[in-house]
Enquirer: 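Before we start, here is the structure in question, set down as structure tokens.
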Amino acid sequence: MSTVSTVNGGISFWYADQGTPTPREPLPGDATADICIVGGGYTGLWTAYYLKKAVPFLNITVLEAKFCGYGASGRNGGWLYNGIAGRDRYAKLHGHEAAVRLQQAMNDTVDEVVRVAAEENIDADIHQGGVLEVAYTPAQLARLKDFHSVEIAFGEKDRVLRGARETGERINVTGAVGSTWTPHGARLHPVKLVKGLAATVEALGVTIHESTPVTEIKPKHAHTPYGTVRAPYILRCTEGFTANLKGQRRTWLPMNSSMIATEPLPRSVWDTIGWDGRETLGDMAHAYVYAQRTADDRIALGGRGVPYRYGSATDNDGRTQPATIEALRDILVRLFPTTGAARIAHAWSGVLGVPRDWCATVTLDRSTGLGWAGGYVGSGVATTNLAARTLRDLIQQDSGQSGPTELTALPWVNHRVRRWEPEPFRWLGVHGMYAAYRTADRRELTSPRPGTDPIAKAADRLSGRH
């Protein structure tokens, strides 16, 4: 497989496919609004959409440092699925039934995104094929069966467990010994969705200023180099770029994830792979991968490369390390050997937001009017939509337009967590954790034992993931 002609960076393949947009006009000076949203990704745009739909006369301003979708919303794997970071912890804190309600809300969110995209004529290559997660070692199979049982206990009665033969009939992953499938998932084109959302909210009357980095957020104030926006509600929707804000360096850790996309694969290759259902595809490795079959018959596959840059630094253009491209290529060929001659057309990276306890959250501080949502830990394509609808309800409740709702009662609302450790402990901890996970994956590939490798268990405990 050739990587000589691979495009590296340029934000993402999704933007190479669609073209990089010309940024909207920056903030012209000091301004006022009813609601100021900082961040023009999925969270910010969905929030603007639902608030404007609920109360059309609201004056809503979105401030975006680059252009809408520059961050994770334009670089992700296109997994619209029902996973949410922190559900098991919320079950421990608030009880099993509360976590079941959160999971049901996520199941419904997948359908909500599909519904709105159709209603607003946003063509984002959405295909509801569900989510298939495979195992190809004895240890992975044991984890997969445990995972399947847990998901059923959280209300997914329509989830299906498949053996090796049934899995192979859906998709021919080399060495697969089992899989679990849920219908609550879809593949999509991330940039088509974010571009469509931005155009939709703008048509509703929302003001979007791009090329306008917010440097500091204070109650009722969002400061930029071009002026300050004053509003009763300031909503931080910056996910992996939160560390760029003054005072937020240790709030959420910007974790790097990298992707590759092949050239369009010929029919002869697809005949060997299958994947006719176009499910989103993942595995049960500790340093897991995620993949989709795109609308134009490429494979887009992602995973963790260099997981973290010192000092919570973020990249500028999505470039990733050559070693990461090679590692992802090796995974692709191991899963699908007939892709060995295919060209890797594009490689890129992006950052996702990780709280110290690995729990996504949505919050509105009623005493200050400051709100935020995020910490999705890579599961944000759907979770952003649920967060936005919840922020809408919280603001309407706070402003006296409505009372509590089912969404405002979910256990992730107003969850607080401690900050990340200072450097160099942050860098050492994250790199040590992923080195441990990669070691555990290598050991499990050659081990006949069904149990999870002890190194991975120790990494889970030390990182706070479990």
Enquirer: Does the Lys NZ or Arg CZ of Arg236 fall within the cation-pi geometry relative to Trp252 - under 6.0 Å from the ring centre and within 45° of the axis?
Expert: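 Yes, Arg236 lies over the aromatic ring of Trp252.
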Enquirer: Indicate the atoms forming the closest heavy-atom contact of Ile299 with Leu332, along with that distance.
Expert: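 Nearest heavy atoms, Ile299 then Leu332: CG2-CD1, 3.7 Å.
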Enquirer: Do Tyr42 and Asn385 have side chains that approach each other closer than 4.5 Å (heavy atoms only, starting at C-beta)?
Expert: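 No - every pair of side-chain heavy atoms lies 4.5 Å or more apart.
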Enquirer: Do the numbers put Arg356 on top of the ring of Trp420, so that NZ or CZ is under 6.0 Å from the six-membered ring centre and no more than 45° off the axis?
Expert: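 Yes, Arg356 lies over the aromatic ring of Trp420.
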Enquirer: Any side-chain heavy atom of Thr294 sitting closer than 4.5 Å to one from His189?
Expert: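 Heavy-atom side-chain distance check fails, nothing below 4.5 Å.
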Enquirer: Of all the heavy-atom pairs spanning Leu58 and Lys52, show the shortest one and how long it is.
Expert: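 Looking at all heavy atoms of both residues, the shortest contact is O-NZ, 2.6 Å.
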Enquirer: Give a yes or no on whether the backbone of Ala198 and the side-chain of Thr200 come within a donor-acceptor separation of less than 3.5 Å.
Expert: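 No; judged by distance alone, with no hydrogens or angles, the pair does not exist.
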Enquirer: Would you say that Arg159 contacts Phe147 through its side chain, given a criterion of any heavy-atom pair below 4.5 Å between the two side chains?
Expert: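 Answer yes - side chains close enough.
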Enquirer: Determine the minimum heavy-atom distance between Pro190 and Asn76, stating which atoms define it.
Expert: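 For Pro190 versus Asn76, the nearest heavy atoms are CG-OD1, 3.3 Å.
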Enquirer: Measure across Gly185 and Val131 and return the closest heavy-atom pair with its distance rounded to 0.1 Å.
Expert: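 So the minimum-distance heavy-atom pair works out to CA-CG2, 3.7 Å.
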Enquirer: Counting C-beta onward and ignoring hydrogens, is there a side-chain heavy-atom pair between Trp412 and Val362 closer than 4.5 Å?
Expert: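 When only atoms from C-beta onward are counted, Val362 and Trp412 do touch, with a gap below 4.5 Å.
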Enquirer: Would you call the rings of Trp79 and Tyr81 parallel, tilted or perpendicular, where under 30° means parallel and over 60° means perpendicular?
Expert: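 Answer is perpendicular, since the angle exceeds 60°.
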Enquirer: Apply side chain to side chain contact (heavy atoms under 4.5 Å, CB included) to the pair Cys359 and His415, showing each step before the final yes or no.
Expert: CA-CA 9 Å; Cys359 291; His415 174 74; 4.1 Å; yes
Enquirer: What is the minimum heavy-atom distance between His221 and Ile234, and which atoms define it?
Expert: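 Of all heavy-atom pairs spanning His221 and Ile234, the closest is N-CG1, 3.7 Å.
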Enquirer: Checking Tyr226 against His209 for the ring pair (Phe, Tyr, Trp, His ring centres under 6.0 Å) test, could you report, in this order, the C-alpha distance in whole Å, the side-chain angles of both residues, the deciding distance, and whether it holds?
Expert: CA-CA 11 Å; Tyr226 306 113; His209 291 298; 9.6 Å; no
Enquirer: Is there a side-chain contact between Leu80 and Val114 in this structure, where contact means two heavy atoms from C-beta onward sitting under 4.5 Å apart?
Expert: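 Leu80 vs Val114: side chains touch.
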Enquirer: Under the salt bridge (charged side-chain N to carboxylate O under 4.0 Å, His left out) rule, collect the residues that match up with Asp398, sequence neighbours excluded.
Expert: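 Testing Asp398 for salt bridge (charged side-chain N to carboxylate O under 4.0 Å, His left out), a comparison that skips the adjacent residues, returns Arg366.
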Enquirer: According to the interplanar angle, ranging from 0 to 90°, do the rings of Tyr15 and Phe67 count as parallel (below 30°), tilted (30 to 60°) or perpendicular (above 60°)?
Expert: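 Perpendicular.
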